[in-house]
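Note sheet for the following structure.
Just so you know, ligand 1 is whichever comes first in the structure, and atom 1 is the first atom listed for that ligand.
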Amino acid sequence: MTNESTSPDPDLRFAFGANWQDYSRLIDQEQIDASLSRMDTLVGRDNIAGRSFLDIGCGSGLHSLAALKLGAARLEAIDYDPLSVATTTAVLEKFWDGGRYRVQRGDILAPSLGLPSSEVVYSWGVLHHTGDMNRAIRAAASLVAPSGLLVLALYGKTRYCGTWTRIKRWYCQADDAGKRAAEDWYVRLFGAYLLLRGKRLKDHIASYRNKRGMDFLHDVRDWLGGYPYESISPAELDAILEPLGFKALKRNVKRRSGLFGSGCDEYVYRAP
Ligand SMILES: C[S@@+](CC[C@H](N)C(=O)[O-])C[C@H]1O[C@@H](n2cnc3c(N)ncnc32)[C@H](O)[C@@H]1O
């Protein structure tokens, strides 16, 4: 499922945490409400209220905050990047005063994470960035309590996954000027792509805030830099989880094509 002929470079990794920290200054009530509504639609507040919740790869902390606001009995949040941990901690301290949470540094690939199993294990846009997505999916599944939910968002397969992997590798090693130039080119090309479809970049950016829990420019950096990078099809995910006894409950899978057609598909599975 990896997009590279060799294993991802273990020393090369996008600085997700710095991007999240910079973005977190923009979080306001509108973003929080949108994030809450997205989580309610995907997971369902009845499945969260009163349940233990683990957020793997918590990033900005916006999803963790939504889980607490939807009534999670106890939240554990982990992230590989210390700046993501610091950002999630700061966001929860600022917008939540009800306790019931712990944020810590943790690598989902670490042999012993020392986390209790949770009734909801949630990982949005994370496991494909670990360098070993299959193992990360199995590790996340192993943390779901009996009959609990496993909620994942993972990059869908397109014919351009290999191209994007090479671009992301390059971006991670580029100097600041190179990174800014790449972002500029990406925005121009994406603007032209939208125009061909009768849409305007200005409108796309204006409506972006509520779509993903990020603003357009930070998401461009997250996308261009997001390395390690892998992708997966629904059938490949089933092939990992069904032998473990998991049953698919929900799938938001888009038909993906074209250079700008990449994105995350969402999945909800029930544990045996
Ligand atoms: C694209 S961000 C997604 C953040 C958040 N889930 C969201 O959707 O807003 C990916 C996050 O996964 C974290 N991450 C990457 N590898 C990880 C690992 N092995 N264990 C835990 N977190 C990891 C990154 O540090 C980053 O904060």
Side-chain angles (χ1 to χ4, degrees), residues 2 7-24 26-27 31-32 34-36 38-39 42-43 53-67 75-92 103-115 120-143 150-155 164 168 171-172 208-216 218-231 252 262-267:
T2 183
S7 303
D9 183 340
D11 296 326
L12 195 60
R13 191 175 261 285
F14 177 59
F16 286 101
N19 199 36
W20 284 121
Q21 191 169 54
D22 196 51
Y23 159 75
S24 68
L26 307 174
I27 295 177
Q31 294 252 286
I32 294 170
S35 156
L36 214 128
R38 277 194 309 273
M39 184 171 287
L42 178 61
V43 190
F53 192 104
L54 167 63
D55 185 5
I56 301 168
C58 47
S60 68
L62 208 44
H63 300 233
S64 289
L65 179 62
L75 169 87
E76 295 279 354
I78 64 159
D79 201 289
Y80 181 93
D81 190 321
L83 279 182
S84 293
V85 175
T87 304
T88 295
T89 304
V91 165
L92 293 183
V103 186
Q104 53 183 328
R105 190 178 176 265
D107 178 355
I108 188 61
L109 294 178
S112 139
L113 255 178
L115 286 171
V120 183
V121 172
Y122 178 94
S123 191
W124 209 104
V126 174
L127 306 180
H128 46 228
H129 288 313
T130 56
D132 192 342
M133 181 174 59
N134 288 9
R135 195 151 68 80
I137 292 168
R138 286 198 183 86
S142 74
L143 292 166
L150 176 62
V151 183
L152 302 177
L154 296 166
Y155 280 127
W164 281 117
K168 286 157 185 278
Y171 180 95
C172 283
Y208 206 81
R209 275 167 59 77
N210 295 339
K211 277 192 194 148
R212 205 225 120 162
M214 217 186 209
D215 72 310
F216 178 70
H218 286 91
D219 206 12
V220 166
R221 289 188 188 133
D222 183 272
W223 168 248
L224 285 176
Y227 183 88
Y229 172 79
E230 288 176 82
S231 57
N252 298 329
S262 306
C264 280
D265 294 321
E266 294 176 317
Y267 303 89

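Under the ring-ring contact (aromatic ring centres under 6.0 Å, His included) criterion, Tyr267 pairs with no residue, sequence neighbours left out.
When atom types are taken as modelled, the side chain of Glu230 and the backbone of Met133 share a donor-acceptor pair closer than 3.5 angstrom. Judged purely by atom type and a 3.5 angstrom limit, Arg135 uses its side chain to pair as donor or acceptor with the backbone of Leu109.
Near Asp81, meaning under 4.0 Å from one of its heavy atoms, ligand 1 places the atoms 25 (O). Per-residue contacts place Gly125 under 4.0 angstrom from the following atoms of ligand 1 (heavy atoms of the residue considered): 1 (C), 2 (S), 3 (C), 10 (C). Set against the non-hydrogen atoms of Thr130, the atoms of ligand 1 under 4.0 Å away are 16 (N), 17 (C), 18 (C), 19 (N). When each atom of ligand 1 is checked for a heavy atom of Gly106 under 4.0 Å away, the hits are 20 (N), 21 (C). Of all atoms in ligand 1, numbered sequentially from 1 with element shown, those under 4.0 Å from a heavy atom of Asp107 are 18 (C), 19 (N), 20 (N). Less than 4.0 angstrom separates some heavy atom of Trp124 from each of these atoms of ligand 1: 3 (C), 5 (C), 6 (N), 7 (C), 8 (O).
Contacts with ligand 1 closer than 4.0 Å are made by side-chain heavy atoms of Arg13 only, the backbone lying farther away. Residue contacts with ligand 1, taken as heavy atom pairs separated by less than 4.0 Å, involve Asp222 solely via side-chain atoms from C-beta onward.
At a 3.5 angstrom cut-off on N or O pairs, Phe16 does not count as close to ligand 1. Not a single N or O atom of Ile56, backbone or side chain, sits closer than 3.5 Å to an N or O atom of ligand 1. Backbone and side-chain nitrogen or oxygen atoms of Asp79 are examined, and one is located within less than 3.5 angstrom of a nitrogen or oxygen of ligand 1.
Closest approach of Thr88 to Gly59, counting heavy atoms only: OG1-O, 3.0 Å.
Taking the ring centroids of Tyr229 and Tyr227, they lie at or beyond the 6.0 Å cut-off. Remark: aromatic rings of Tyr122 and Phe53 are close, center separation under 6.0 Å.
Under a cutoff of 6.0 Å and an axis angle of 45°, Arg221 and Tyr23 do not form a cation-pi pair.
A heavy-atom distance below 4.5 Å is found between the side chains of Ile108 and Leu143.
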